[in-house]
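Structure first, commentary second.
So that the names make sense, note that chain A is the first sequence line, chain B the second, and so on, each numbered from 1.
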Amino acid sequence: MTPVLPSAALASAARVVRRVLAQPAAAVSVAFLLAITVLAFTAGLLGLDPLEQDMLAMLEGPSAAYPFGTDELGRDILARVIFGARTSLTTAAGAVLLAAAIGVPMGLVAGFFGGWRDVALMRVVDLMLALPGIMLALALIAVLGRSQSAALVAVGLTGVPTFARVARAQVLSLRKRDFVTAVEAFGATSSYSMFRTILPNSWSPILTQMVVLSSVAILLEAALAFLGVGIPPPTPSWGEMLRTGKEYLYDAPTYAVLPGVALTLTILSFDTIGRALSSVLEGRDTAVPQPRAERA
Amino acid sequence: MIGFVTWRLAQLVPVLLVASALIFFMMYAVPGGPVAALVGENATQEQIAAVTEQFGLNRPVAVQYVDWLLRALTGDLGQSLHSREPVLKLIGERLPATLQLAAVATLIGLLVGVPLALASALSQGSWLDRALSGWSALALGVPTFWVGILLILLFAVELKLLPAASAYVPVWQDPWQMIRNAILPAGTLGLYVSGIFARFLRGSLITEFNADYVRTARSKGLKEGTVVARHVLRNAMLPFVTIVGIMLAGFIGGAVVTEAVFTYPGLGRLVIQAIGSRDYPLVQGCILVILAIYILINLLVDVLYVYIDPRIDYG
């Protein structure tokens with residue numbers, strides 16, 4: 001990896017996008033995510049209402065009026081799935097940004113200074129990794145209470161260790177490189193070296209992790225909602241829909257299917273793009289995810 | 001060897017200390033503190049004062065923590081606020097259910113994952129290899145709770161073959177009922193974990209296939225089956241054991257969602273119920289026990305290593 005100039009960075013970013021899109025599975029995934037994002041944020045314009053109740057049509061199967069049926073309050077399942085995408089995507093995006101905002105500086109400091117800072121910070125990371133992500137998130141929600149911001153923070157904090165490790169590994173591999181030594185020889189401060197010299201050259205593994213963690217964040221948010229401790233109703237959320245749908249498996253077997261399909265396709269899309277990105281950026285298939293008990 | 005185990009056990013102490021302190025202070029940070037959870041929202045000033053006095057909550061947090069810790073060391077994790085029963089007893093009741101589920105799930109994962117990895121690695125690059133890779137990507141990507149719901153829809157709602165809610169039946173009591181009850185939740189977790197097993201084992205098998213000693217074995221004229229079974233598989237199994245251990249350990253606390261799907265009475269559901277009823281001593285106790293078991297299983301894996309790999313010597 002060499003230091004990058006702004007124009008060169010743009011050109012290489014365009015090249016990365018082209019090479020990712022050249023992989024058919026990744027192209028399909030990007031198209032799907034774009035479609036679902038556009039749909040989620042323009043659904044109001046299409047006349048879809050996730051909260052409108054039709055008391056005469058509760059728990060109905062698919063029909064012309066409701067292509068995916070209605071829920072126990074007579075609400076349109078299709079509308080709720082589309083609006084659920086908004087909840088899911090915004091929470092995941094916020095969580096990943098939060099995780100990176102905490103984890104990356106942690107890893108940079110640990111790797112850059114070494115010594116006691118490294119030991120202390122990495123022990124915190126180890127401790128966070130020792131608990132299954134879902135347990136950590138549950139403990140946080142027990143403290144923070146149940147709200148969208150609590151879900152975001154809980155999901156975000158579980159991602160901190162990953163970013164800390166990636167950033168630390170980057171520092172360790174770049175620290176002794178000539179361009180860093182040169183900047184330091186010119187009298188750069190530690191924070192200049194870390195944030196203006198090393199960080200700009202570490203974007204590829206961090207970006208890959210952001211995409212991979214998006215899929216984990218979406219899953220974790222849905223899992224929390226499924227357990228009844230996520231974003232509170234009536235805000236539509238895929239996990240919450242699966243939770244309620246499960247209660248009506250005998251009355252409305254199709255209820256739980258569509259939210260699950262949307263959730264699964266979104267997760268698989270992020271996974272696929274993450275794999276494509278890592279093969280393009282790092283020339284290897286880092287598809288093997290962090291082994292965690294459940295993907296949650 | 002004994003030295004190594006003692007050293008690793010000693011390392012457990014600071015981790016659990018820090019973890020327990022973190023958990024304790026986190027619970028203390030709850031809006032309104034533990035008192036609010038104890039007396040409810042509509043309590044009078046007198047009730048609040050009485051409860052604060054009764055549980056010694058007016059003492060400094062650090063004193064309360066040390067007090068809790070000293071009692072935890074004697075095996076007393078406090079009392080559930082909800083059921084008034086000892087926390088350790090409640091955990092003890094759920095633990096066997098979770099351990100059994102974790103064991104069956106890991107077994108299913110191995111039964112599916114190991115043959116997949118072998119078939120994949122032996123036909124590297126072929127359509128079969130690609131199909132199997134696709135399968136493990138799918139097994140990894142699909143949320144376990146949705147797989148669980150689909151399995152319930154198929155086997156309980158449509159075919160009416162298996163119960164939709166899984167009870168805990170100890171295997172020694174009634175093996176057949178155990179299988180009927182555990183197959184759906186364990187299968188859900190097992191399918192997921194088979195994806196991980198297959199991917200890791202395929203990777204390490206391929207590395208071994210390219211090693212020099214395999215070429216030597218083949219050039220000696222050994223049959224391919226012998227090469228695979230005697231040489232490749234044995235070496236490839238080494239890093240794989242760690243993954244199996246991590247997954248098994250993770251299931252102890254991490255199977256919360258699957259336990260919820262199948263209303264299985266395990267440790268994970270106990271935590272959820274405890275959080276739901278703001279039963280902080282119970283939440284604290286559960287998380288501490290889960291963490292301790294997780295670390296112990298990982299230690300066990302490290303010890304196991306010495307037996308599988310004679311090259312490793314912990315001194």
Side-chain angles (χ1 to χ4, degrees), chain A residues 25 123-124 126-128 130-136 138-146 215 218-220 222-224 226-229 238-239 242-243 245-246 249-250 253-257 259-261 263-265 267-272 275 285 287-296, chain B residues 14-15 18-19 22-23 26-27 29-31 102 133 137-138 140-146 148-150 152-153 156-158 164 189 192-193 196 199-200 203 243 246-258 260-261 268 271-272 274-276 278 280 283 286-287 290-291 294-295 298:
Chain A
R123 277 299 87 81
V124 174
D126 289 344
L127 196 67
M128 289 175 88
L131 265 187
I134 186 101
M135 273 292 147
L136 190 62
L138 282 173
L140 285 165
I141 287 196
V143 176
L144 298 170
R146 192 180 166 192
S215 96
I218 283 174
L219 183 68
L220 195 51
L224 290 174
F226 181 77
L227 293 171
V229 297
W238 293 337
L242 285 173
R243 172 188 174 78
K246 202 205 133 215
L249 282 182
Y250 287 89
T254 49
Y255 188 156
V257 174
V261 171
L263 177 63
T264 303
L265 288 180
I267 291 170
L268 287 176
S269 299
F270 275 112
D271 277 349
T272 309
R275 267 203 302 280
D285 182 16
V288 177
Q290 301 167 37
R292 279 210 163 142
E294 274 174 319
R295 279 293 305 272
Chain B
V15 173
V18 175
L22 276 180
I23 298 166
M26 244 167 76
M27 295 300 153
V30 173
S133 296
L138 208 63
L140 287 172
V142 185
T144 45
F145 48 100
W146 194 49
I149 289 177
L150 293 180
I152 293 179
L153 265 178
V157 178
E158 289 300 322
L189 290 173
Y192 162 65
V193 87
I196 294 192
R199 202 167 264 187
F200 272 92
I243 300 300
I246 290 177
M247 298 317 293
L248 186 66
F251 281 148
I252 304 301
V256 192
V257 184
T258 305
V261 176
V271 180
I272 296 290
I275 289 176
R278 306 184 69 180
Y280 296 111
V283 178
C286 286
I287 294 183
I290 288 168
L291 195 63
Y294 184 87
I295 301 175
N298 279 310

I'd like to check the side chain to side chain contact (heavy atoms under 4.5 Å, CB included) partners of A:L268; sequence neighbours left out, ordered by chain and number.
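For A:L268, the residues satisfying side chain to side chain contact (heavy atoms under 4.5 Å, CB included) (neighbours in sequence not counted) are A:T264, B:L138.
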If I measure from the heavy atoms of chain A, does [X] come under 4.5 Å with its side chain, its backbone, both, or neither?
X: B:A102; result: neither
X: B:V271; result: side chain
X: B:A274; result: neither

Contact winner vs chain B - A:V229, A:V257, A:L265, heavy-atom pairs under 4.5 Å:
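The candidate making the most pairs under 4.5 Å is A:V257.
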Among A:G239, A:A222, A:G228, A:A25, who wins on heavy-atom pairs under 4.5 Å with chain B?
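Heavy-atom pair counts peak at A:A222.
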Less than 4.5 Å apart, any side-chain heavy atom of B:V193 and any of B:F251?
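Yes; the side chains approach each other to less than 4.5 Å.
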Between the side chain of A:K246 and the main-chain N/O of B:I149, is any donor-acceptor distance below 3.5 Å?
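Not a single qualifying donor-acceptor pair exists.
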Could you state the interatomic distance from CG (B:L153) to CH2 (B:W146), rounded to the nearest 0.5 Å?
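Interatomic distance, B:L153 CG to B:W146 CH2, rounded to 0.5 Å: 10.0 Å.
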I'd like to know which of B:V283, B:I290, B:I272 tops the heavy-atom pair count under 4.5 Å against chain A.
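Highest number of heavy-atom pairs under 4.5 Å: B:I272.
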Which one wins on heavy-atom pair count under 4.5 Å against chain A: B:V261, B:L248, B:L291?
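Most heavy-atom pairs under 4.5 Å with chain A: B:V261.
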Measure across [X] and [Y] and return the closest heavy-atom pair with its distance rounded to 0.1 Å.
X: B:L140; Y: B:R199; result: CD1-NH1, 3.4 Å
X: A:L242; Y: A:G260; result: CD2-N, 3.9 Å
X: B:V257; Y: A:A223; result: CG2-CB, 4.0 Å

Is it the backbone or the side chain of A:L136 that comes under 4.5 Å from a heavy atom of chain B, or both, or neither?
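For A:L136, neither part sits under 4.5 Å from chain B.
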So which part of A:V124 gets closer than 4.5 Å to some heavy atom of chain B, the side chain, the backbone, both or neither?
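Neither part; nothing is under 4.5 Å.
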